[in-house]
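First up is the structure itself, then whatever we jot down about it.
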Amino acid sequence: MNAAPSFAFDSPEEAIDALARRLGTTGIQQVELSESHDPTRSLHRRVLASPIFADRDSPAADVSAMDGYAIRESDLLKEGPIEVTGESVPGSPPPPESVTGVNRIFTGAIIPDGCDRVIQREHTDETTAASPPDSSSLGQIQWTDKAKTIPSGANIRRQGENLSAGSTAIKAGLELTSPRLAALTNFGIQLVDLHAPVRVAVLTTGDELASATNSDQSPLPPWKIRNSNASALLGLLTNQPWIDCAPPMHAIDEPAALLTAVQYAIEHHDVVLMTGGVSMGDYDYVPRILREAGAEIVFHKLPLRPGKPILGAVHQSESKSTLILGLPGNPVSATMGARRFAMPLIRKLAGMTNWEELPPLVMLEEVGEKTLPLNWLRGVRMTRPGLAALVIGKGSGDVATLAATDGFIEMPPHANHAGPWPYFAW
Ligand code: AMP
Ligand code: MG
């Protein structure tokens, strides 16, 4: 009996970690925000390289949390009708403390000096005055019994209670999501340090690709195939503001041509995603060429289906470290491999401190009897929140069935129960 094959790593997780340890982050770009500048355009989902600090207290002063009346305790002793002598409105400085009556106040407006609570409008009787004493009057009110129970400090948002001036509002290494853009604008930030987008090259290989010979033969002869891997990989990489994806490149199965393409891709990019040429066939030159290009092969082959021949490598130069993934050419292996291995590592290079994936867990509707002694990536369709159905294709060349999936789950070796399993959405 053959001995069980030995792999450098037992799981995708360990293989990803081994590559991550060898990778740095991209450099820093400074972006200046002018008054007229729309920060959402240039900053949305970019990765912050330095923390954002609060330029002033939040809130900047004691403000009202309600529409009502800002008062001192002694105002509650006034027997109605009580004259409304002024108003504190958002956007204006507060009126002076009222001696003879009370000040009306609106949500977000500043608490006048000397006041210690806000009585909500609904706890007052505002209909007491049938005819106001004069036309400039702001009205009259009377306290309800409920108003007299409102304690000191009620309905006031205290200066600095959210954050005090000088403290960290957003940590470095986070993506500028919509709430973070709001925080950044709230604190008047004018200069932002961002990580440069990760430059990613997609390099497909193989003589069978129609584009390899610029074939315009029509119809396509059956011995030629279309470059579906380039589309799959670009589909994962485009529209991520932290990725700068180059137009796809292709190399034929010829060592010299492949070496030239690999060297160029490594020199000008932070990540090189290759498909094809990593198996044991006579034309599978990728491992040898990567060694010639000076890359360290961190692993070649993992206990994985689909995608067992996958190769992970890192090229170190004085200026940068470049991640290279050699994905098998079979479309299902290439697409799942790019999603599972490349995406978290690109997040790491992009400067995200939370680059490691926390995939949601899903249960399978039905699981079947079959098990594998491998980590098994299985295409699924989501049917209900937290529930998925397996989408079973004809193998790793079956793009048509893959197109029916929403993502895939990952099962460890020998597993055959319904889950919950980590789910990787496309
Ligand atoms: P390879 O890993 O180079 O042995 O390729 C395995 C199989 O994947 C080939 O027989 C092709 O049918 C297919 N293949 C390779 N490259 C691509 C590609 N870029 N797009 C679609 N299919 C591909
Ligand atoms: Mg090939």
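Numbering of residues begins at 1 and proceeds along the displayed sequence. As the structure lists them, so they are numbered: ligands from 1, and atoms in each ligand from 1.
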Can you say whether the rings of F299 and F9 are parallel (under 30°), tilted (30 to 60°) or perpendicular (over 60°)?
-> perpendicular
Describe, in one word, how the ring planes of H268 and Y264 are oriented to each other, choosing from parallel (under 30°), tilted (30 to 60°) and perpendicular (over 60°).
-> tilted
For atom 5 (O) of ligand 1, the closest protein heavy atom turns out to be G329 CA, 3.6 Å
Heavy-atom side-chain contact between T149 and H123 under 4.5 Å | no
P412 side chain near W421 side chain, heavy-atom distance below 4.5 Å | yes
Atom 12 (O) of ligand 1 has as its nearest protein heavy atom I225 CD1, 3.8 Å
Residue and atom name of the nearest protein heavy atom (relative to atom 7 (C) of ligand 1), distance in Å to one decimal = N330 OD1, 3.5 Å
Is the side chain of K320 donor-acceptor paired with the backbone N or O of T25 at a distance under 3.5 Å, no angle test?
-> no
So which protein heavy atom does atom 21 (C) of ligand 1 come closest to, and at what separation?
-> S228 OG, 3.2 Å
Of all the non-hydrogen atoms in the protein, which one sits nearest to atom 10 (O) of ligand 1, and at what distance?
-> E208 OE2, 3.9 Å
Winner among D284, N227, N229, V399 once heavy atoms are compared against atom 16 (N) of ligand 1 | N229
Scan side-chain atoms only and decide if T144 and D125 contain a donor-acceptor pair under the 3.5 Å cut-off.
-> no
Below 4.0 angstrom from a heavy atom of R226, which ligand 1 atoms are there? Numbered from 1 as shown, please.
-> 20 (N), 21 (C)
Could you find the nearest protein heavy atom to atom 1 (P) of ligand 1 and give me its residue, atom name and distance?
-> G277 N, 3.7 Å
